[in-house]
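Below, read A as the first sequence line, B as the second, and so on, with proteins coming before strands; counting in each chain starts at 1.
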There are 2 protein chains.
Amino acid sequence: MRHYFQDKSVNLSKRERTRSLLIDGAISAIAEHGLEGASIKEITTIAGLSNGTFYNHFEDREEVFRLATMSIAQELADDIAEMVADVDDGIARIVISTNTFIERAVSASDWGAMIVDAVHYLGDVRQDVATHLRADIALAMKRGDISEMPDRFQIHQIVALIALAIEAQLDGGKSKSINFRTCEAVLRLLGLSPTKAQRAVAAHLT
Amino acid sequence: MRHYFQDKSVNLSKRERTRSLLIDGAISAIAEHGLEGASIKEITTIAGLSNGTFYNHFEDREEVFRLATMSIAQELADDIAEMVADVDDGIARIVISTNTFIERAVSASDWGAMIVDAVHYLGDVRQDVATHLRADIALAMKRGDISEMPDRFQIHQIVALIALAIEAQLDGGKSKSINFRTCEAVLRLLGLSPTKAQRAVAAHLT
DNA sequence: TCCATAATTGAGAGTACTCTCATTTTTGAA
DNA sequence: TTCAAAAATGAGAGTACTCTCAATTATGGA
């Protein structure tokens, strides 16, 4: 994942390729030192470019951080959308999406670290997750599995639990149990009883 | 709250009084610019002291941050312990503690902002909350209201929800509804059904 | 191949921060 | 009141960072 955007841009214009190098570099740097600690020097060194090139592509630090976050969010969203494309049960979609999102973020550890950081600083990320979640919940409501559409605050609660699950696994190593329990917790927050939540998770994750 | 530790140390030694001034200053600075953004210059300016004095009292930034966080945590813990001293129902204690903690943190907004920041950086804070929570949960288990003692990860989930509630109110203004729903969410995570959680919150908060 | 345009380079100006230390000021016990 | 010890001061050394820009190098269409 360290060269993800670089690889993806391999037959685009030079401008795009360099941009991608810098975005990959920014992700590594942020994963290592956090949004506030990542320096432009570090980003360009990782990218194998010189300091000045950065400003040929981005206005300032803020811009590359925003772009890098959005790029990751988009990639993960696409990945997950494909994963649940043929699942038509809302609860199942919520469980599978949540689990997949966390798994992917943990596996691509730079991405995970960046997401955890971004959730604390950038409200956009939360809104992004919210959009996808809402669609799945609407589906579950049609079936009567969930009775009320959660508001913005409840979505934030769910996002906080997901970020925590990623953080815990980046610190302590991969753990299926953490994923299971996070999915259960999400369903509990959405109003399922503990028993139903547990059954739903057991049914859709292995 | 801006001069809390200063006021509290008013008849201690000069050394203690200056220390308290600096801790109050550190809290304000961190609330304003975050743990990473708060500079020593800013802390000493707020305290009305000169730059060098800081190093007469603390080894480095890290030390004052740790001390300031622990001081706040201790004060809040004492405050809440007193509040629930004569409540012998575990669920009630959990609800009242959670609500009081969030309310206090939001009212003393510098403290709240610092706690939100510290939760993300310092594991200690989570452990601190954990200790108090565990006692209340043990009480609720004796009565059969909760069936399993939550492990470290579940405690972290609860702490994350509490931090989110504080953050939301620091951004958007005080809101009883956020407190209610956070208490409900905490009880749901602890295994209560949505109905029971709602009743418990309604019974103990007004 | 040629060459206008685009991209990259790296030195450095400007800024901000942490921490040290010789000096000055304050404190409080005798 | 006196004065040794304690505390506070602020200039500045050392470091690190952001962003600019004139100069250099690479690119790709004709």
Side-chain angles (χ1 to χ4, degrees), chain A residues 3 5-69 114 117 121-122, chain B residues 3 5-69 114 117 121-122:
Chain A
H3 306 121
F5 293 105
Q6 179 189 353
D7 292 349
K8 214 183 165 206
S9 69
V10 76
N11 42 14
L12 298 179
S13 70
K14 175 142 179 83
R15 186 159 189 81
E16 282 307 316
R17 279 180 282 133
T18 302
R19 257 178 104 83
S20 298
L21 269 175
L22 287 167
I23 287 180
D24 279 329
I27 294 167
S28 293
I30 293 165
E32 185 76 19
H33 296 111
L35 269 176
E36 311 210 335
S39 74
I40 280 140
K41 180 83 174 57
E42 191 184 6
I43 294 170
T44 51
T45 302
I46 292 173
L49 296 165
S50 77
N51 182 273
T53 300
F54 179 89
Y55 295 95
N56 209 335
H57 293 266
F58 306 104
E59 190 70 23
D60 51 20
R61 301 166 83 239
E62 196 64 30
E63 190 182 346
V64 77
F65 292 169
R66 213 187 52 247
L67 276 167
T69 308
M114 169 135 188
D117 230 46
Y121 289 97
L122 310 170
Chain B
H3 306 120
F5 293 105
Q6 179 189 352
D7 293 348
K8 215 185 164 205
S9 70
V10 77
N11 42 14
L12 298 179
S13 69
K14 172 136 180 94
R15 186 161 188 81
E16 282 307 316
R17 279 180 281 133
T18 302
R19 256 179 106 83
S20 298
L21 269 176
L22 288 167
I23 287 180
D24 279 328
I27 294 168
S28 293
I30 293 165
E32 185 77 18
H33 297 109
L35 269 175
E36 311 209 337
S39 74
I40 280 142
K41 180 85 176 55
E42 190 184 6
I43 293 171
T44 50
T45 301
I46 292 172
L49 296 166
S50 76
N51 183 273
T53 300
F54 179 88
Y55 295 94
N56 210 332
H57 293 266
F58 305 104
E59 191 69 24
D60 52 19
R61 301 167 82 239
E62 196 64 31
E63 189 182 348
V64 76
F65 293 168
R66 215 186 51 248
L67 276 168
T69 308
M114 169 133 189
D117 230 47
Y121 289 96
L122 310 169

Q.
At under 4.0 Å between heavy atoms, how does the protein contact nucleotides 5-14 of chain D? Give one character per nucleotide, 5' to 3', with B, S or -.
A. --SBBBB---
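Rounding to the nearest 0.5 Å places CD1 of A:I27 at 6.0 Å from CE of A:M114. The CZ atom of A:R66 sits 12.5 Å away from atom CG of A:L35, with the distance rounded to the nearest 0.5 Å. The structure places CD1 of B:I23 at 10.5 Å from CD1 of B:I43, a figure rounded to the nearest 0.5 Å. In this structure, the separation between CZ on B:F5 and CG on B:L12 is 12.5 Å, given to the nearest 0.5 Å.
Distance A:K41 NZ to C:dA11 P: 11 Å, rounded to the nearest Å. Whole-Å rounding puts the B:I43 CD1 to C:dA16 P distance at 18 Å. When the C1' atom of C:dT18 is taken as reference, atom CD of B:E59 falls 13 Å away, rounded to whole Å. At whole-Å resolution of the value, CG in A:N11 and P in D:dG28 are 13 Å apart.
The stretch residues 5-25 of chain B participates, sequence neighbours left out, in these salt bridge (Lys or Arg N to Asp or Glu O under 4.0 Å) pairs: B:K8-B:E75. Counting only residues at least two apart or on different chains, the ring-ring contact (aromatic ring centres under 6.0 Å, His included) pairs with a member in residues 29-57 of chain A are A:F54-A:F58.
Under 4.0 angstrom from either OP1 or OP2 of D:dC19 there lies at least one side-chain N or O belonging to A:Y55.
Contacts of A:T45 classified as side-chain contact (heavy atoms from CB on, under 4.5 Å), with partners at least two apart in sequence or in another chain: A:K41. Contacts of A:S9 classified as side-chain hydrogen bond (donor to acceptor under 3.5 Å, both in side chains), with partners at least two apart in sequence or in another chain: A:S20.
Listed by residue number, A:D60, A:R61 are the residues of residues 60-69 of chain A with a heavy-atom contact under 4.0 Å to DNA chain D.
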